[in-house]
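Note sheet for the following structure.
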Amino acid sequence: MSTIPSRRPDATPATSQVPLQAREPDAATLARTAERAAGELLAPAAPHRLADVVPAPQQVQPDPTEDWVLPAEAVIVASADPAALAVAAQLAELLRPATGYPLPVTDATAPEPVGGIALVLDDAAGLGAEGYRLDVTTDGVRLTAGTATGLFYGAQTLRQLLPPAIESPVPLTEHWALPGGTITDAPRFPYRGAMLDVARHFFAVEDVLRVIDHLARYKLNHLHLHLTDDQGWRIAVDSWPKLTTVGATTEVGGGPGGHYTKADYRRIVSYATAHHITVVPEIDLPGHTNSALVAYPELAPDKVAPPPYTGTEVGFSYVDPADERTYDFIADVLGEVAALTPGPWLHIGGDEAFKVKGEVYTGFVERVQRIVADLGKTVVGWHQLAPAAHVHDRVLQWWGTNGEDPTTVDAVRRGARLILSPGNHAYLDMKYAPDTPIGHDWAGLIDVRKAYDWDPDTHVADVPATAILGVEAPLWTESVTSLADIEFLLLPRLPAIAELGWSARTTHDWDSFRDRLAGQGPRWVTAGISFHRAPEIPWPTAPATLTTAAASATSTASPTPSQRRPSRADTTAL
Ligand code: TNX
């Protein structure tokens, strides 16, 4: 298959040897001249550098003699395996809108690029459960991985190596150049996540799917959904129907709230699965339960229904730890949630239960941990769970702000592993700066550098690196009311946490990260994604054509429910 050179240093001069006035140019000459002029007008910038990827890849070997341009007739060929073919189809869907190319997908026993893109499943390549190798040569692109997940991450890298115009929802004329060379890549931690609080404010399924898209771009593999809190219960439970008919109808500020039906929730899970993301559902217990008590006063310590809560205080509500009915309730709820959950984790909260203290708290947590284990799931909880006995594989989510906690260290000695979400680095509901419009500051201000400059392995004193399962960026939504608000707080800090989770510590370098992150800005603009133009990032100025394409695309797309709500971020995000 022919390849199109990425540069034209030796292009024939446009003027002919024959004096122009000597004879009229024929149609073919005119066409050639026009084509040349167009080629010069569209003279491509050199392709991206192979290392310009977020999160930083493990190994990059550029080879500028192997630069390649995606031709209009390219085919995507994948190993004859349904999961590999599914990634090939996703890659084609990513590349078709901007290129306007057909990019047919085919399968083969031994796929070869032949001028297109080959996705090769190869157990023997030694690339691990999530790793991949990307070879760009003048013959095309070969993506190799031991699993479909590895191929999926390779496809995300490939997408970032194409010009930002690849994010356009409408066809653009571009030179779809890729830098030659080889990337060999694999993650540092197995758990790389973000959390969305859908309880303080409720977010429509479409909004959650869009958050999943953002996670997938940066190779995050877990979405933790904080499904219940004082202000609203967001997941249907058939055996306790009033949790949603009564408990879901409020939110912070008094809005209408909402909830996911089981069908909605399955849609989220299956979209996440297709993006190689595991959903971690959280039912926060024993505190943060006002919405459940409004629906079922029998769960309250005084058996009296409290008023619905639409404020932002914490720590006042709890289910009655002394009543057996409470444990029936928990077993029913967790049983139904487990049945909707293909992943291994069930998050049981455990934070800020200020009124359930000492042995009563510990005893409660131990019973709930057993319920989770009996359901065949692995317990995850906020690090307040630490004093309770260990159950097999349990994971604590650290959200402290000073990296010192003997109780957590002791739980680790007894077998717990940690997900790190330090409040002062990873809490994406913290404000960037005093003058940015939404968010909190109780854990301090978190600019991009603060989100990036910490090390998960050494963050909690006296916890060995072997106990660190990974990182997670929580987004609490007391002050977040729309998808634009979510994007404003996630971007550009989510990629910082993603890089901590994915990239080898040896690649950690603020200057490099800052420059690579800057390259994401035009992609977000082109895709119509809101983000905070953090002043410490050297954002390039997006070409006018890209901004226009994005603007026309966002104005024609039908808005999701939360996009229709007015947002404080709307005026500042773009
Ligand atoms: C603390 S972090 C909480 C949440 C709040 C958040 C606001 C944690 C486990 N609990 O209930 O939403 O602060 O930043």
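Along the sequence shown, residues are numbered consecutively beginning with 1. Numbering of ligands and ligand atoms starts at 1, following listing order.
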(message) Starting from atom 2 (S) of ligand 1, what is the nearest protein heavy atom, named by residue and atom, and what distance separates them?
(response) Tyr427 OH, 2.3 Å

(request) Would you check if the distance from the ring center of His508 to the ring center of Tyr452 is below 6.0 Å? (result) yes

(request) Would you mind listing which atoms of ligand 1 come within a distance below 4.0 Å of any non-hydrogen atom of His288? (result) 11 (O)

(message) Just verifying a value: how many Å separate Ser503 OG and Arg192 CZ, rounded to the nearest 0.5 Å?
(response) 10.0 Å

(message) Rounded at 0.5 Å granularity, tell me how far CG in Leu227 sits from NE2 in His347.
(response) 11.0 Å

(request) Please write down residue, atom name and distance for the protein heavy atom closest to atom 3 (C) of ligand 1. (result) Glu352 OE1, 3.4 Å

(request) Compute the shortest N/O to N/O distance between Trp399 and ligand 1 and return yes if it is under 3.5 Å, no if not. (result) no

(message) Check this for me - ligand 1, Trp442, N or O atoms closer than 3.5 angstrom, yes or no?
(response) yes

(message) Under 3.5 Å between any N/O of Asp429 and any N/O of ligand 1: does that happen in this structure?
(response) yes

(message) Please confirm whether Met430 approaches ligand 1 to less than 4.0 Å, judged on its heavy atoms.
(response) yes

(message) What I'd like to find out is whether the side chain of Phe513 reaches to under 4.5 Å of the side chain of Thr507, using heavy atoms alone.
(response) no

(request) Indicate, with yes or no, if the rings of Tyr260 and Phe202 have centres closer together than 6.0 Å. (result) yes

(request) Please confirm whether Arg200 comes under 4.0 Å of ligand 1, counting heavy atoms of the residue only. (result) yes

(request) Could you tell me whether Glu478 and ligand 1 have an N or O pair separated by under 3.5 Å? (result) yes

(message) Would you say Gln520 and Tyr218 are linked by a side-chain donor-acceptor pair, where the criterion is simply a distance under 3.5 Å?
(response) yes

(message) Can you confirm whether the side chains of Gln384 and Trp399 place a donor and an acceptor under 3.5 Å from each other?
(response) yes

(request) Look only at interatomic distance and state if Asp351 has a nitrogen or oxygen under 3.5 Å from any nitrogen or oxygen of ligand 1. (result) yes

(message) Quick check against the 3.5 Å criterion: does His383 have a side-chain atom that pairs as donor or acceptor with the backbone of Thr408?
(response) no

(request) Mark up the atoms of ligand 1 that fall under 4.0 Å of a heavy atom belonging to His440, in ascending order. (result) 7 (C), 14 (O)

